[in-house]
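Excluded from the calculations below are hydrogen atoms, water molecules and symmetry mates; all remaining heavy atoms, backbone and side chain alike, are included. Each ligand, and each atom within it, is numbered from 1 in the order the structure gives.
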Amino acid sequence: MSSALQIVWVYPDLLSTYGDRGNMLILAHRARMRGIPVDTVEVRSDQALPYGDIYLIGGGEDGPQALAAQRLAADRGLHRAVDRRAVVFAVCAGYQLLGTSFFAKGAKCDGLGLVDLHSDRGPTRAVGELAGDIDPALGLPMLTGFENHGGRTHLGPGVKPLAKVRAGIGNDGATEGVWSGTVIGTYSHGPALSRNPALADLLLRWATGEESLAAPDDTWPTRLRGERLGAAGLV
Ligand code: GLN
């Protein structure tokens, strides 16, 4: 097995909207900046999920989302990854399919049951800027992203929201995303980790066991954050 950090992008052929691929590029770049060797692996939906340290799952339209859930349920590689406390970062459709059920094309679909949550359909499509105060226990600045989803997500008692909504809808207009162990789900596209480099570094710290990572030059991500939080009326 390689000693490099293994970053697995799950099903880019089905789940990759609004630049979610950038999450893989940003994680790999921020790891290499710290001298951490990285392998990135793109796993199509007709391939078995390999061993990984970090799994990335992106957003998708309803049809591909339902197919991805079926294939991941049959594969069980993501279940094994969660059992051994690998890091999972899941966005929108990828987030919804971690739960017990979600809706796609009007039909209720089985999720993977990896996190105690389920998604139903909201009264409107949530489209636009999304921002929220991240759970203080994670020690991160405000979450910023772009959302576009019809689903609404309801968390079970065993898990915590990632953030409290300041702009946009997120899970339900009050909370956004989920945090459970080393699994994070969010409705933030953008890609999320370009707008939230501290969140990228949290995933890297979880995956490597490093307590802190050298501070990089974040001039450009900081400008991007300021611009997008300004667009949401938050600075
Ligand atoms: N199909 C899902 C929904 O509309 C997820 C959309 C997305 O990933 N952007 O709720």
Side-chain angles (χ1 to χ4, degrees), residues 8-27 42-45 55-73 78 88-132 143-156 159 161-163 165 167-179 183-196 199 203 228 231-232:
V8 178
W9 183 17
V10 179
Y11 298 175
D13 53 326
L14 297 177
L15 299 173
S16 175
T17 52
Y18 308 118
D20 290 338
R21 178 168 194 269
N23 292 329
M24 178 182 69
L25 302 178
I26 288 159
L27 279 178
E42 302 186 13
V43 183
R44 295 176 60 88
S45 59
Y55 291 79
L56 300 172
I57 319 175
E61 292 164 12
D62 283 13
Q65 176 180 3
L67 185 56
Q70 286 168 12
R71 294 199 173 173
L72 286 169
L78 203 58
V88 177
F89 183 67
V91 177
C92 205
Y95 165 40
Q96 291 178 4
L97 61 74
L98 296 181
T100 50
S101 62
F102 61 90
F103 276 77
K105 295 191 166 180
K108 190 173 181 181
C109 303
D110 288 337
L112 302 178
L114 292 170
V115 184
D116 185 12
L117 59 85
H118 70 277
S119 302
D120 55 16
R121 247 21 214 188
T124 56
R125 207 164 171 85
V127 185
E129 288 298 313
L130 172 64
L143 180 78
T144 163
F146 167 78
E147 63 181 339
N148 184 353
H149 54 102
R152 297 294 187 275
T153 297
H154 310 280
L155 305 186
V159 295
L162 175 62
V165 169
I169 303 290
N171 291 335
D172 56 4
T175 69
E176 146 55 14
V178 74
W179 166 40
V183 177
I184 285 185
T186 178
Y187 274 109
S188 299
H189 293 283
L193 299 183
S194 70
R195 292 176 175 222
N196 301 281
L199 180 55
L203 303 179
R228 295 325 300 162

Using 0.5 Å steps for rounding, measure from the CZ atom of Phe103 to the CG atom of Asp120. 6.5 Å
Shortest protein heavy-atom distance from atom 3 (C) of ligand 1, along with the residue and atom involved: Gly150 N, 3.4 Å
List the atom of Ser188, the atom of Val91, and the distance in Å for their closest heavy-atom pair. O-CG1, 3.3 Å
For atom 10 (O) of ligand 1, what is the nearest protein heavy atom, given as residue, atom name and distance? Gly151 N, 2.9 Å
Below 4.0 Å from any atom of ligand 1, is there a heavy atom belonging to His189? yes
Do the ring planes of Tyr187 and His149 sit parallel (below 30°), tilted (30 to 60°) or perpendicular (above 60°)? parallel
Could you tell me, atom by atom, which parts of ligand 1 come under 4.0 Å of a heavy atom of Arg125? 4 (O)
Among protein heavy atoms, which sits nearest to atom 7 (C) of ligand 1, and what does the distance come to when rounded to 0.1 Å? Cys92 SG, 2.8 Å
Taking distance alone, with N or O pairs closer than 3.5 Å, would you say Glu61 contacts ligand 1? no
Short list, please: which atoms of ligand 1 are under 4.0 Å from a heavy atom of Gly59? 8 (O)
Counting non-hydrogen protein atoms only, what is the nearest one to atom 5 (C) of ligand 1? Give residue, atom name and distance. Gly60 O, 3.5 Å
Pairwise distance CD(Glu176) to CG(Leu143) - rounded to 0.5 angstrom: 5.5 Å
Rounding to 0.5 Å, atoms CD (Glu147) and CD (Glu129) come to a distance of 9.0 Å
Residue portion contacting ligand 1 (non-hydrogen atoms closer than 4.0 Å) for Arg121: side chain
OG1/Thr17 to CD/Gln65 distance, rounded to the nearest 0.5 angstrom? 10.0 Å
Note the single closest protein heavy atom to atom 1 (N) of ligand 1, along with its residue, its atom name and the distance in Å. Asp62 OD1, 2.6 Å
I need the contact type for Gln65 against ligand 1. Using non-hydrogen atoms and a strict under-4.0 Å cut-off, is it side chain, backbone, both or neither? side chain
Once rounded to the nearest 0.5 Å, what's the spacing between atom CG of Leu14 and atom CG of Leu72? 9.0 Å
Of all protein heavy atoms, the one nearest atom 9 (N) of ligand 1 is Asn148 O, 2.8 Å
Minimum-distance pair of heavy atoms, taken over all atoms of Cys92 and His189: CB-NE2, 3.4 Å
Could you list which atoms of ligand 1 come closer than 4.0 Å to a heavy atom of Gln96? 2 (C), 3 (C), 10 (O)
Examine distances only and state if a side-chain atom of Asp20 and a backbone atom of Gly59 form a donor-acceptor pair shorter than 3.5 Å. yes
